[in-house]
Amino acid sequence: MLRGLRRCWESYKYRFVPWIALNLRHKRRTLRFVPEESKDKIVSDEVVLQTLLKTFRALFVNDLRRQTFLLNCLPEVKSKYLELQKAQSQTSQAIDDNNHSQTLFHPEDVLFNTLGFSITRRHSSLISAGIGVFVTKGFVPKGTVVSMYPGTVYEKYEPIFFQSIGNSFIFRCIDGVLIDGNDKGISKAIYKSCSKRDQIGPFKMSDVFWLTTGVQNPLAVGQYVNNCSADKAANVCYQEFDVPEHFPIEFKQYLPNIEYSHEVWRPLRCVVLVALQDIRPDEELFSNYYTIIN
């Protein structure tokens, strides 16, 4: 049996590491095969990039008052938002000082106003599946980036043994890079530690709110998307995306991923979930944990 598992491990690359030995035998009907040359991409990297930039800019502008200190430290960035700052300053004169730090819209409403849909976590429609992710408002067209998979990013040679014990949230990329999307225990502590390490003065290089009950980036709930079944077909799939070097510094605070170390420089690896079909309100998102690159 161990030799068989080893041959499987060497021959194929499965998406969720802990599920291999325990579940694969029973899930043949829901396997997803992907040609290696496709790199598992449903939409182009440019589409993913523009979606993230559009969403993060809306979140940034919505919370512009809280960004004042950051903008004052970066004149070249501040110049892009001068007109918006002036308009908000005039509007806020009639508002009580206690409300100045509050955002105009909840992040989920910002997502709806920007991309035309909102998503949230709640109890799954599958029995004993725990928490799932649902479209709450609007409409998700096929090919839309609908969520992100948060977590600490590990190169394949970096230590992740203790974090992996009892952890079903470890996502495996095609090249062997691992993303630990667990928001509890040692995984949570490591992510927070790496986030503080990479912070540059007031500039946060990642989002830590996905570890809490608060929400900053409403897309960062992809680790709670459940696996499809014979009755519930997958309506989203995972797609890897490397954040380009020119990604705006003011938007990095919304990226729900952080590198475990910087021994080798490479673009930050993110994973987004892309709609495989049109998704309507109250529908739950289902992915495929058993993707095979062959």
Side-chain angles (χ1 to χ4, degrees), residues 4-36 38-43 119 121-135 140 145-154 156 160-161 163-184 187 210 219-241 256-257 269-277 279 283-294:
L5 287 173
R6 184 175 180 178
R7 284 197 297 270
C8 284
W9 180 267
E10 292 173 349
S11 301
Y12 302 111
K13 297 178 180 178
Y14 300 93
R15 280 308 199 188
F16 281 83
V17 177
W19 290 83
I20 301 172
L22 298 178
N23 294 279
L24 184 59
R25 181 183 300 175
H26 308 291
K27 297 292 183 178
R28 290 289 179 184
R29 287 181 298 174
T30 60
L31 284 175
R32 177 170 177 254
F33 290 86
V34 175
E36 186 174 7
S38 77
K39 300 303 181 184
D40 203 10
K41 293 188 184 297
I42 302 300
V43 296
I119 56 176
R121 292 173 290 182
R122 65 173 187 244
H123 193 71
S124 175
S125 59
L126 296 178
I127 299 175
S128 303
I131 300 298
V133 179
F134 291 78
V135 175
V140 181
V145 175
V146 69
S147 186
M148 300 183 73
Y149 195 94
T152 306
V153 181
Y154 293 85
K156 53 187 174 183
I160 195 173
F161 175 76
Q163 300 93 302
S164 69
I165 297 175
N167 184 355
S168 59
F169 292 98
I170 299 177
F171 179 94
R172 180 172 180 165
C173 297
I174 293 174
D175 59 1
V177 168
L178 301 175
I179 300 180
D180 182 4
N182 193 355
D183 57 7
K184 297 178 178 62
S187 300
W210 69 273
L219 292 174
V221 293
Q223 79 277 32
Y224 284 105
V225 173
N226 282 306
N227 183 49
C228 62
S229 66
D231 299 323
K232 302 281 188 176
N235 52 15
V236 298
C237 70
Y238 303 99
Q239 179 168 318
E240 299 165 26
F241 172 73
N257 299 94
R269 175 66 52 82
C270 290
V271 170
V272 298
L273 284 83
V274 180
L276 290 169
Q277 61 191 49
I279 307 174
E283 286 190 41
E284 185 173 359
L285 303 185
F286 291 104
S287 62
N288 199 312
Y289 290 2
Y290 311 100
T291 298
I292 298 179
I293 312 298
N294 64 352

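One-based numbering along the sequence shown.
- For residues 223-233, the set of pairs meeting the salt bridge (charged side-chain N to carboxylate O under 4.0 Å, His left out) definition, not counting sequence neighbours, is empty.
- Judged by distance alone, with hydrogens and angles left aside, the side-chain atoms of Asn235 form a donor-acceptor pair with the main-chain N or O of Glu284 at under 3.5 Å.
- Here Ser147 pairs with Ile119, Val221, Leu273 under the side chain to side chain contact (heavy atoms under 4.5 Å, CB included) rule; sequence neighbours left out.
- Rounding to the nearest 0.5 angstrom, the gap separating the CD1 atom in Ile179 from the CG atom in Asn257 is 5.0 Å.
- Annotation: side chain to side chain contact (heavy atoms under 4.5 Å, CB included) contacts of Ala233 (sequence neighbours excluded): none.
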Evaluation steps, side chain to side chain contact (heavy atoms under 4.5 Å, CB included), between Gln223 and Trp210: CA-CA 10 Å; Gln223 79 277 32; Trp210 69 273; 3.6 Å; yes
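- Here the OH atom belonging to Tyr149 is positioned 7.5 Å from the CG atom belonging to Asp180, to the nearest 0.5 angstrom.
- In this structure Lys156 satisfies the side chain to side chain contact (heavy atoms under 4.5 Å, CB included) test with no other residue, sequence neighbours excluded.
- Between Tyr289 and Tyr238, the angle of the ring planes lies from 30° to 60°, which puts this pair in the tilted group.
- In this structure, the side chains of Val274 and Val236 stay at 4.5 Å or more apart for every pair of heavy atoms.
- For the pair Pro150 and Gly222, the tightest heavy-atom approach, listed with the atom from each and the gap, is CD-N, 4.1 Å.
- Here the closest non-hydrogen pair linking Val140 and Ala275 is CG1-CB, 3.9 Å.
- To the nearest 0.5 Å, the span separating OG on Ser229 from CG on Asn288 amounts to 10.5 Å.
- A donor-acceptor contact shorter than 3.5 Å links the side chain of Glu240 to the backbone of Ile174.
- Minimum interatomic distance between Ile42 and Gln239 (heavy atoms only, all atoms of both residues): N-OE1, 2.6 Å.
- With sequence neighbours excluded, no residue forms a ring pair (Phe, Tyr, Trp, His ring centres under 6.0 Å) with Phe241.
- We find the CG-SG distance between Leu276 and Cys228 to be 10.0 Å, quoted to the nearest 0.5 Å.
- Contact check for Tyr154 versus Gln163: side-chain heavy atoms found under the 4.5 Å cut-off.
- Here Ile127 pairs with nothing under the side chain to side chain contact (heavy atoms under 4.5 Å, CB included) rule; sequence neighbours left out.
- Without hydrogens or angle criteria, Asn226 side chain to Phe286 main chain gives no donor-acceptor distance under 3.5 Å.
- By the 30° and 60° cut-offs, the orientation of the rings of Tyr224 relative to Phe169 is perpendicular.
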